[in-house]
**Q** 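Starting off with a structure, shown below.
Because the structure is predicted, anything quoted here is derived from the model rather than measured. Lettering follows sequence order; numbering is per chain, from 1.
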Number of protein chains: 2
Amino acid sequence: MQFQSLINYLSTFISLDENEQDILASKVTHRTYLKNQYMVQQGDVCKYVNFITSGCTKTFYLDNDGTEHIVMFGIENWWIADLGSFITQSPADYNVQCIETTEVIQFTHQNLESLYTQIPKLERFFRKIIERALVASQKRIVRNFTHSAKDNYLIFKELYPKIEQRVPQYMIASYLGITKEFLSKIKSELIFEK
Amino acid sequence: MQFQSLINYLSTFISLDENEQDILASKVTHRTYLKNQYMVQQGDVCKYVNFITSGCTKTFYLDNDGTEHIVMFGIENWWIADLGSFITQSPADYNVQCIETTEVIQFTHQNLESLYTQIPKLERFFRKIIERALVASQKRIVRNFTHSAKDNYLIFKELYPKIEQRVPQYMIASYLGITKEFLSKIKSELIFEK
DNA sequence: AATAAATGTTAAACTAGTTTAACTTCCTTT
DNA sequence: AAAGGAAGTTAAACTAGTTTAACATTTATT
C-alpha cells in the first residue's frame, strides 16, 4: 500500500508512534498520474506537496521562446512541488509533468500546516529536508560555473545514475543547460576516449 | 545595540515575548570581524550561523586553479554560514570573507538546536527562511540557463541594488559566473545603448 | 508489418564568452 | 607628493557551446 512507502521512508529519519501515523494518514491523499499528465501547471497554484512512491517526473520552466528548461527530476522517495507557489499559494512558475505513470502521496498546504502543529517532529523533518535541498541547489550553481559541460554530464551520471537510465537524453541536456546536439557530441567523445 | 537589530528583524516575521527574548539573548553571542577577515574557511567546520547587523560578506568557493567563485553576498539582515558544513558539522566547502568590517550575531549548532526546542516559533521561522532561500536558489539556476550574461547582470542590479554599489565589479562578475573583462565589455555596451 | 512520431546523431557555420596581455585609473600607504 | 598595489578597460586571438539542417534510429500505433 502506498502510505506504507511514506512511513518506511520517514522511519529512516524520525520515528512515529501509531497515533502519529494515524494522524498523518488522516491528512494525506493518494493519487496516480498517467504518463505525460501534469501534476502542476505554470500559472496555476501548486496545491500539493507530493511524495513520489513510484514513477518519474520532470519540473521545468517554459521560457518566452517556448523552450523548456528542466529544473529537477523526481523519482521514488523524492518530494515534488513548485515550492515557491506552494508556500505562498500564488501562481506557479514551473510545470511538473510525469515522464512515467507516477503515484504520489499528497499534502495540501492546510493539512501540512496542521501536521506541523500536531506533530512537531514533522516540522523538524521538513526543515532538515529543505536544508539539504538548499545545500544541493547551491552546490549545483557552483558546479555549473566551475565545470565544463562534459564534466557536468559525468557528475550528473554519478550523482543520479538511476535517473540517467530512465529519462530521454534531450531532457538530461536541458537539465544540464546545454543543447541535445552538444550532449550527443560529448557522448561520442566519451566513447572515443575509452 | 546589536541584539536589538535581530529582535527588530525577527519582529517582522514572528512576535517574541520578553521571556522568549531573554532565552534568545542567552543563546547568542556578538562579534565584529574586520575587513578581509574570514568568518568561515574552506576545510574548517562552520561553527556559527551568523546574522549580519552591519557590514558586507562574500561566500566563495576556490576551485583547483585557485579561482574564486562567489556563491552569495551578505549584507544587513542576511543569514550567513556554510549551511552544509553547519548542519552536518563537517568541513566547509566555502569561504566567507568580510568585504567590509562586519558585525554579526552568532548561533552555535548546539544553541540553535536548543532554541528550536525551547521556542518552536523559531524553528518555524527558520524553516520558512530556508524555504525562501531554496526558492531563490532554484530561480537563480533557471535564470543562469535562460538568460545571457548581459541580462543576468541587469537582473542582478535590479534584485540587489544595494550590493551592486558596495562590492567591486570583479566580484559581481564572479557571482554572475563570467570574467571581469567580459563584464567590463557588457557595461560599456550598456552605456553606449543609452 | 507498416507508418508515423519521437528521439538521437553528425557536421558546418556561427556566436557568446574566455584568455592573454598591455594599459589606465583609482586608492592606500608612506 | 610619490610609489605601489588593487581595480577596471580595451582589443585581438581563441574556444566552448549554439544553430541549422539533414539524416538515422528507436518506439508506439494502427
**Q** Note down the inter-axis angle between the two ends of the helix from C/dA1-D/dT30 to C/dT30-D/dA1, five pairs each, to the nearest 10°.
**A** 50°

**Q** Starting at CG of B/L183 and ending at P of C/dT19, how long is that distance when rounded to a whole Å?
**A** 15 Å

**Q** Look at the rings of A/F125 and A/F13 and say which category their plane angle falls in: under 30° parallel, 30 to 60° tilted, over 60° perpendicular.
**A**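 Correct class here is perpendicular.
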
**Q** Please give, in whole Å, the distance from C/dT20 C1' to B/E181 CD?
**A** 9 Å

**Q** Once you round it to whole Å, what is the distance between C1' of D/dT18 and CG of A/L176?
**A**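 In whole Å, D/dT18 C1' lies 15 Å from A/L176 CG.
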
**Q** Are B/Y160 and B/F73 close enough that their ring centers fall under 6.0 Å?
**A** no

**Q** Send over the distance from A/M171 CE to C/dA6 C1', rounded to a whole Å.
**A**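 For the pair A/M171 CE and C/dA6 C1', the rounded distance is 10 Å.
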
**Q** Can we say A/K58 and A/E68 salt-bridge, meaning some charged N sits less than 4.0 Å from an Asp/Glu carboxylate O?
**A**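 Between A/E68 and A/K58 there is a salt bridge, with a charged N closer than 4.0 Å to a carboxylate O.
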
**Q** How close or far is atom P of D/dT18 from atom NZ of A/K185, stated in whole angstroms?
**A**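 For the pair A/K185 NZ and D/dT18 P, the rounded distance is 11 Å.
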
**Q** Return the 5'-most residue of the pair A/I178, B/Y170 with respect to DNA chain D, ranking by each residue's nearest nucleotide.
**A**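 The 5'-side residue here is B/Y170.
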
**Q** In whole Å, I'd like the distance from the NZ atom of B/K180 to the C1' atom of C/dT25.
**A**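 Distance, rounded to whole Å: 14 Å.
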
**Q** To the nearest Å, give me how far apart CG (B/D151) and C1' (C/dT15) are.
**A** 15 Å

**Q** If the plane angle is over 60° it's perpendicular, under 30° parallel, otherwise tilted; pick one for B/Y61 and B/Y94.
**A**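 B/Y61 vs B/Y94 ring planes: perpendicular.
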
**Q** Is the distance between the ring centroids of B/H109 and B/F86 under 6.0 Å?
**A** yes

**Q** Please tell me whether A/F107 and A/Y48 form a close aromatic pair, meaning their ring centres lie under 6.0 Å apart.
**A**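 Ring centroids of A/F107 and A/Y48 are no less than 6.0 Å from each other.
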
**Q** Describe the nucleic acid contact of B/F182 in one word from base, sugar-phosphate, nothing, applying a heavy-atom distance below 4.0 Å.
**A**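 Counting heavy atoms under 4.0 Å across all strands, the contact made by B/F182 includes a base.
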
**Q** For D/dA16 and A/S148 - does any side-chain N or O of the residue sit under 4.0 Å from the phosphate oxygens OP1/OP2?
**A**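 So the side chain of A/S148 is outside the cut-off, no N or O lying under 4.0 Å from OP1 or OP2 of D/dA16.
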
**Q** Once you measure the plane-to-plane angle for B/W79 and B/F51, does it fall in the parallel (<30°), tilted (30-60°) or perpendicular (>60°) bin?
**A** tilted

**Q** Nearest to the side chain of B/P168, heavy atoms from C-beta on, is which of C/dT9, D/dT18, D/dA7?
**A**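 The nucleotide sitting nearest to the side chain is D/dA7.
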
**Q** Rounded to the nearest angstrom, tell me the gap between atom CD in A/Q97 and atom C1' in C/dA6.
**A** 14 Å

**Q** Could you pick out which residue, B/K35 or B/H147, lies toward the 5' side of DNA chain C when each is mapped onto its nearest nucleotide?
**A** B/H147

